[in-house]
Structures are given as C-alpha cells and as structure tokens.
Trainee: 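I have a structure I would like to understand better, so I am pasting it below and will then ask my questions one at a time.
Each chain gets a letter, A, B and so on, in the order its sequence line appears, and its residues count up from 1.
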2 protein chains.
Amino acid sequence: MKDVAQHANVSLSTVSYVLNDSGPVGKARRARVLDAVRVLGYTPNESARRLRTKSAATIGLIVPDLSNQFFALVAEGVESAAASRDALVVLCAPEAIDRTTEYYVRLLRSQSLDGLVYLPGGDGMTLNLALALAEAGPVVMVDERIRGFDVPSVVADSRSGARQIAEHVLSQGHRRIAIVGGPEALWTSEQRLAGYREALAGFRIPPKDVPHFVGDHREESGTRAAAQLLAESGADRPTALLCVNDLMAMGVYRYCREAGLRIPEDVSVAGFDDITVAGLLSPGLTTVRQPAREMGFQAANLLFDVIDGREATDDEMVLTLPTELIRRGSVSPPHPDDDEAPVQGIGA
Amino acid sequence: MKDVAQHANVSLSTVSYVLNDSGPVGKARRARVLDAVRVLGYTPNESARRLRTKSAATIGLIVPDLSNQFFALVAEGVESAAASRDALVVLCAPEAIDRTTEYYVRLLRSQSLDGLVYLPGGDGMTLNLALALAEAGPVVMVDERIRGFDVPSVVADSRSGARQIAEHVLSQGHRRIAIVGGPEALWTSEQRLAGYREALAGFRIPPKDVPHFVGDHREESGTRAAAQLLAESGADRPTALLCVNDLMAMGVYRYCREAGLRIPEDVSVAGFDDITVAGLLSPGLTTVRQPAREMGFQAANLLFDVIDGREATDDEMVLTLPTELIRRGSVSPPHPDDDEAPVQGIGA
DNA sequence: TTGTATGCGTTATCAC
DNA sequence: GTGATAACGCATACAA
C-alpha cells in the first residue's frame, strides 16, 4: 500500500480513502491511485484490516454432517448468501473431531468472526453451546430452535408438514401407524411429532397406540427402527411408518428389502426433507419438501442483518418457511390380505 | 493480553513466550501467566497474530457443488484433516455466484490463507485458474488433475476402476455398450473413458461402436443421456450404460422408470463413486467405490506438508488411492428376448 | 480536499 | 531468563 501511495504520489490515507471510499478525494488523484493499484497488482491485506476494524467479513457455519444432503444444501445456501455480500464462510463439521463448546466460542472471538450460522446436529449440549455462542457474538440458527433460548432462526414449517403427510397416510386408510422419530432434544423432532399427533388425533387414534422409535437421523438408525417396529409380523404390525427424515426412511427401505417386505404393499413409508434420492427410490418416497437451500440463504441473510444492526439481536425473530407434501409411490392404501395372518387364512 | 501481563506481573513478551512456548520462562512465572489467562478468559486475537506471522492456520476449499455427496464427503475429509491440525477451512462453492479466477487469487493472497484445496467442477477455465492459483500460493488438487500443469494432487484410480467395471459388464455378456461420460476437459472423464476403452479393446469392441454422451455429472444430464442413447428401440439399442458417476446413473434410472424400461432386464446400468444412494436404488447400482472422505483427508494433509515445506511445491506429487468394484443388481446378463424386436417375433 | 500521526494485538529482535 | 521496543498493514481523528 505504501508502494501504491508512492507510485501515485499521494499519501497512504488517500489510498485508503479511495479503496473504501471513506473520504472525499479528487478525481485525478483517485484515478492515479486506482491505476497504481492495478499496475502494482496490489491486494489489501485483510488481516491488517481486520485487526484495525474488528470485523472480518467472515461468518462461521456449524453443520453436523455434510453427507446428509439436506445439510449440504443448507450449507450451499449459506455460502451463496455470504458470497453475494463478499463474505467468507468458515466451515465447521464437528462430526470428525470432538469439539467443545469452548472451542466454538473461541473460534467466534479469536477469529473475530462476524457471526455464526448454527445448524445443530443430533447430539445434546445444544443449549449450553447456543447460550455460550450467543453470548460471544451474533448467532442465528437454521432448521432448529432451542426452547427457552430465543436466538433468531429460520426453520421450515415442520409441524404443518408433518400433519399433512400424516393426514395423507391416514386418509389412505392406515390405522396402525408407527413413528420413526429423531433425537428427542431437537425442536424439529418435537414439532414433527406434534404434527403427526395432531393428524392422529383427528382420526381418533390415541398416542399410546402409536409406537415411537427414537432415531438419530441417520440411515442406519432407520434400519434399526424398521427392524424393531416391523419385527412382529402379527396383526399388530404397523401398516405405515412415519419417518422424520428421508435418510431414516431410506434405512427403512433397506430393512424392507432385506426382510422381503414390499413397499407399499406390505408397509407404507413416509419421509421428510425430500432429498434427491427420495424421488429415485422405488417406489418413490412420499415425503415433505423443505426448502433447504433457501433456509440456508435466509439464515445467512438474517445473520447479516443482525450483524449490521438491522435487527435486534435478542429479538425472538423466527422465519418459518413453508413445506410441501410430495406424493410418490411409497404410500398406498393398506393391503390387509397381504399381511401374514390373512395369508395363512387363505392358505388354509 | 496486556491485562494478562499486568495480572501476572510480567511483561508482554513473557506472556507471548508462554503462549507459544517460543522462549524460556521460569516455572513460577509461567504458572502465573497461565493462571491469569484462565481467570481473565483471555483469547488471543488471531487477526493480530496473522498480521504479524503472515500465516493464518486457514486453508481454502474450492468445491463445485455440495449437493453431490461425493464432493460433500471430500469436503468432510478436508475439514477433518484441518481440524486435527487446528486449522480452519473457508468454503468456496462457486456454483452460486460466478467467481472469477481473480477472485480466488485475491482470496488466497488477501486473506493470507496458507493454501488451497482445489476440487475442479465441471466447467472449463480450470487450467488458467489452477495456474494463477498455484502462482499465488500452495495449491493441491483433489479428484482431478490438469494435464500440462502439475500441482500436487490426490486422486482415485479412476482408470483401473473404470476398466474393472467395464470388464464386469462385458463378462456378463453385454456387447452393445454406451458411455455416459463427463465433461471432456476433465482428467477423470478422460481416465474413465480410457479405462472403459481398455476393457472394450480386450473384448475386441472398436470405440466406434460405442456411443458416447457427454454429460456434466449432474443427474438431469444422465436423464438426457438415457433419452438419447436409449431412444431407438431397435436391435442396436445398447444393453448396458456405463456412467462416469452415480448421479448421472440416477438420471438414467429416472429415465428408465418414466420410459418403462426395466433395470437390469432391459438395460444394465453401471455407475461410479458409490455414493450412499447407489445401494438404495432398486436394483442396487453396480458401481466403483471411491474413497471420497479419505481423498479429502489426504489432500488436506498433503497441502499442509507442502505448506510446512515437507514436500517440494512444484513436485509432480500425486497420490493415487485405490478404487473398488461394487457389484449390485443393476448389471445382469443381457436378455435379448426382452428386446422389442424379438418380442415381436415371439408374438408373431 | 489531503497528509500526519497514532494505535489495533501480536511476535520477534534485541539488550539487560 | 526477562523485559522494553519496533514492526506487521491498515484505518481514522485530526491538523493543515
């Protein structure tokens, strides 16, 4: 920068002025400076700028698991929003190494990140973490909320989505339903459960009659769920499985394939998320679409608003994006005559 | 830090010394400093440190598309390696906004990133970009290489993987094969093509007899490929499709489903990557597994080696990880009697 | 409108 | 062993 000033015969401040037009400067001089910048191939040193301004034009993104396409899409949305504002995104995928709350707080402070987009994973400790984080700097949450602690957040309308898909399943005639849920601490798990239950209640089915498996959102956990819920092949076996995400529904598919159960003839399956594969499974997975990329995008924008002081930080600001029921082949009316028991009857 | 020094009754240099043990310091004083750090909750200012040391403990990751699970896994690997060395990863997903070569160069320089892991996408301009980048700082490539310009890179053994899967298909009896390729500029496309051709040559099938569609690695492109390659239902219609990645194979599945073609009865399909969904499709997709996470991990480690001067930067250092053929249901012997023409014959 | 001077929080080079 | 002190590259209050 010194060189630039010299090359343009101006002082350092003048250069600084034109670079951030933070001060008035004559046309001629400005041109000279710009020229010098180009000629010398000058690139401002962001580290110095940060040190001086305390702001980094950089946000952090905490995401549990990039191999889950839903999360990956949220990440893309965040990146995209950041990019459109020339901000950087530093990626934190805690899955690999175990990071402590302290780690993130230090990250936020020591790197002088402007803020954090926080997409809580499956584990616990989210509350403490969020608390500590929000204290250390601006934080907005995506896809999840934490009860009792209101940071701004953008979520999808899980509850209504869950209600819709459950109603769809019920309206097909299913009455023996089981739920493959997510980690109990999560707001989304709770919301979707609530949505399911609303629908169930509408059909006068008491919660006690609805088995509930607690999964962890991963495929393998869906397989375990199916193994447990579909094990007994008696008349009590559920005819439909409501899964709180597509990955676990895929796990159910896997189990069914291995167990020789047909979808949807033997059991109907419903998912949540509408990740790409949902449409490619056979049969296609009936699910609820969440606008993943959009959620990430909005979340980042919200964060920038908070950072720029356009929103009150401690406001209980929550953006709820609409979900959409996607009907495909994995849900059909139940076929009682395909159940083992009746089959025996026929055989007799 | 000043506060810490004061609280511990030592000078700033002493504090600095204990914090990076970059100098000898008495036990008592060291203890006092550490204590003060804890009490005051001191967090070093990384911006200042960077300014001073010119090193950021931060690398950049350029990745084309996070919604492709293969890329997402590579990203996870990179993140994981970085995390284990307490380094940060800034994410760049160029898909969203169009970034110029210049942008990345400036990124590398102005943010004083220590280096870049570069995973080229589908588009062109990779050569110029890589050139400019490598000039601006340490760069290692993952999954791809650029001919004529040797930066260190870690790749999977695409060629041998492609040969294996093609041989598998051929050994099932297929002779009318078509290829769903990737962007022609990419090294992987070329390698896989070469692998296919080696196998084909082994079975005395001239390249001219093998239709070749140029895709872009995205699912939709696979659908188009299938539409084109499988359009004519005559005796010339290929009985097997070799796809250079799973996403496009999924596109083929989609086309087949909509066109009423059965897999593998009417057409066998082979993929590449072995992303999660490959095993969940019906029938399972026969494909070649690439160690995606491992590739990212190794790439980041290689980058750190280069940064730390443990490897010659301009060395043609390339790490080739093994691939593995995964046989599932999407490839079976051809069923000539299922072809339309013979069917007519039978009907007559 | 433009230049000068100071400080941001660290590290590193010296003397002590 | 330890402590002053000078950069690092930039932004800005203030003087000119």
Trainee: Picking from C:dT10, D:dC10, D:dT12, which would you name as closest to the side chain of A:Ser22?
Mentor: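 Selected nucleotide (nearest to the side chain): D:dT12.
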Trainee: So A:Val15, base contact, sugar-phosphate only, or nothing? Heavy-atom distance under 4.0 Å.
Mentor: nothing
Trainee: Whole-Å distance between C:dG3 P and A:Arg30 CZ?
Mentor: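 Computing the A:Arg30:CZ to C:dG3:P distance gives 14 Å.
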Trainee: Return the value, rounded to whole Å, for the distance between atom CG of B:Asn9 and atom C1' of D:dT2.
Mentor: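 One finds 14 Å between C1' of D:dT2 and CG of B:Asn9, rounded.
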Trainee: Could you state the atom-to-atom distance from NZ of B:Lys2 to P of D:dT5 in whole Å?
Mentor: 15 Å
Trainee: Where each residue is assigned the nucleotide of DNA chain D containing its nearest heavy atom, which of A:Ala48 and B:Lys27 is assigned the position nearer the 5′ end?
Mentor: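 By nearest-heavy-atom nucleotide position, the 5'-most residue is B:Lys27.
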Trainee: Just checking, any donor-acceptor pair under 3.5 angstrom between side chains of B:Thr43 and A:Arg106?
Mentor: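 Judged by distance alone, the side chains do not pair up.
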Trainee: When you check the phosphate oxygens OP1 and OP2 of C:dG3, does a side-chain N or O of A:Arg29 lie under 4.0 Å from one of them?
Mentor: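 Answer is yes, contact under 4.0 Å.
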Trainee: Is the shortest distance from a Lys or Arg side-chain nitrogen in A:Arg147 or A:Glu190 to a carboxylate oxygen in the other one below 4.0 Å?
Mentor: yes
Trainee: What integer distance in Å separates A:Tyr42:OH from D:dG9:C1'?
Mentor: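 Distance, rounded to whole Å: 7 Å.
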Trainee: Between A:Ser13 and A:Ser11, do the side chains contain a donor N or O and an acceptor N or O under 3.5 Å apart?
Mentor: yes
Trainee: Name every residue in residues 51-58 of chain A that has at least one heavy atom under 4.0 Å from any atom of DNA chain D, in order of residue number, or write none if there are no such residues.
Mentor: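 Within residues 51-58 of chain A, the residues near DNA chain D are A:Arg52, A:Thr53.
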Trainee: From CG of A:Asp21 over to P of D:dC10, roughly how many Å is that when rounded to an integer?
Mentor: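 Those two atoms, CG and P, are 17 Å apart.
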Trainee: Using a cut-off of strictly less than 4.0 Å, decide whether B:Thr14 has a side-chain nitrogen or oxygen near OP1 or OP2 of D:dT2.
Mentor: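 B:Thr14 to D:dT2 OP1/OP2: no side-chain N or O under 4.0 Å.
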Trainee: Once you round it to whole Å, what is the distance between P of C:dT13 and CG of B:Leu12?
Mentor: 17 Å
Trainee: Checking all strands, does B:Met1 fall into the base, sugar-phosphate, or nothing category for heavy-atom contacts under 4.0 angstrom?
Mentor: base
Trainee: Less than 4.5 Å apart, side chain to side chain, heavy atoms only: is that true for B:Val155 and B:Leu321?
Mentor: no
Trainee: How long is the span from the OG1 atom in B:Thr188 to the CD atom in B:Glu144, to the nearest 0.5 Å?
Mentor: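 One finds 3.5 Å between OG1 of B:Thr188 and CD of B:Glu144.
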Trainee: Where each residue is assigned the nucleotide of DNA chain C containing its nearest heavy atom, which of B:Glu46 and B:Tyr17 is assigned the position nearer the 5′ end?
Mentor: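 It is B:Glu46 whose nearest nucleotide is closer to the 5' end.
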Trainee: Compare side-chain N and O positions of A:Arg49 against OP1 and OP2 of D:dC10 and report whether any pair is under 4.0 Å apart.
Mentor: no
Trainee: Does a side-chain N or O from B:Asn45 land closer than 4.0 Å to OP1 or OP2 of C:dC8, or not?
Mentor: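 No, no such contact exists.
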Trainee: I'd like to know if the side chain of A:Ser47 pairs up with that of B:Ser112 as donor and acceptor (distance under 3.5 Å, no hydrogens or angles considered).
Mentor: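 Looking only at side-chain atoms, B:Ser112 and A:Ser47 do form a donor-acceptor pair, the distance falling under 3.5 Å.
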Trainee: Pick base, sugar-phosphate or nothing for B:Thr43, based on heavy-atom distances below 4.0 Å to the nucleic acid.
Mentor: sugar-phosphate
Trainee: Does the A:Asn20 side chain pair with the main chain of A:Ser16, one donor and one acceptor, at a distance under 3.5 Å?
Mentor: yes
Trainee: Please check if any side-chain donor atom of B:Arg50 sits under 3.5 Å from a side-chain acceptor atom of A:Gln111, or the reverse.
Mentor: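 Distance-only check passes for B:Arg50 and A:Gln111.
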Trainee: Base, sugar-phosphate alone, or nothing: which one does A:Ser13 contact when heavy atoms must sit under 4.0 Å apart?
Mentor: base
Trainee: Rounded to the Å, how far apart are A:Arg109 CZ and C:dT10 P?
Mentor: 11 Å
Trainee: Rounded to the nearest angstrom, tell me the gap between atom CG in A:Asn20 and atom C1' in D:dC10.
Mentor: 9 Å
